[in-house]
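Reading through the structure tokens given below for one structure.
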Amino acid sequence: MSFDMLFVFMLTIFLGFELISKVPSTLHTPLMSGANAISGITLIGALVAVNLSGAGGAFSHVLGVLAVVFATINVVGGYVVTNRMLAMFRKKDGPR
């Protein structure tokens, strides 16, 4: 890995942390929904990668399957977290 790539990687980590720490809590749910949509696109890309990995051999096939597994976990986990966040804003049932 070249020094330029390492610098860009470190810069993205720093900027990502700074950006996320400045987001108000009222925007977390909409941003999580947007991130879930992007993760869905990642899942489609991973499925395409598995489909095309036949020519690359077993290693590329294993990497493609791992990409599908991790993208699926990310999508499902994101929707679970979003659902729990939205449940906090629902009206609670009063005593009957």
Side-chain angles (χ1 to χ4, degrees):
M1 184 185 309
S2 70
F3 180 72
D4 293 338
M5 291 176 63
L6 183 64
F7 176 75
V8 170
F9 180 68
M10 296 299 289
L11 187 63
T12 56
I13 290 173
F14 175 73
L15 288 176
F17 177 77
E18 287 297 316
L19 211 140
I20 289 172
S21 66
K22 305 272 190 275
V23 173
S25 59
T26 54
L27 291 178
H28 279 272
T29 301
L31 289 175
M32 181 69 80
S33 297
N36 289 338
I38 293 170
S39 294
I41 295 168
T42 306
L43 180 59
I44 291 172
L47 289 169
V48 170
V50 168
N51 188 30
L52 298 176
S53 67
F59 183 67
S60 64
H61 189 71
V62 168
L63 285 180
V65 169
L66 283 175
V68 169
V69 169
F70 288 137
T72 304
I73 290 170
N74 196 12
V75 169
V76 171
Y79 280 109
V80 168
V81 169
T82 302
N83 192 29
R84 290 186 71 188
M85 287 175 149
L86 291 174
M88 293 189 301
F89 296 105
R90 292 188 190 124
K91 282 189 171 180
K92 298 189 178 15
D93 293 333
R96 294 182 191 189

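In this chain, numbering begins with 1 at the start of the sequence shown. Any value given below was found using the heavy atoms of this structure, including those in side chains, with hydrogens, waters and symmetry copies removed.
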Hydrophobic cluster membership, [X] vs [Y], 4.5 Å side-chain cutoff:
X   : Y   : answer
F70 : I44 : no
L47 : V65 : yes
L19 : M10 : no

inquiry  = My understanding is that a hydrophobic cluster links ILVMFWY residues whose side chain heavy atoms are under 4.5 Å apart, including indirect links. Using that, what else belongs to the cluster containing F59?
reply    =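 Besides F59, the hydrophobic cluster comprises L63, listed by chain and residue number.
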
note = Closest non-hydrogen atoms of G40 and V75, given as atom of the first, atom of the second and distance, are N-CG2, 3.7 Å

key: Residues F17, I13; criterion side-chain contact (heavy atoms from CB on, under 4.5 Å); working and verdict   = CA-CA 6 Å; F17 177 77; I13 290 173; 5.6 Å; no

task = Give, for atom CG of N51 and atom NE2 of H61, the distance between the pair rounded to the nearest 0.5 Å.
result =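 If I round to the nearest 0.5 Å, the distance is 10.0 Å.
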
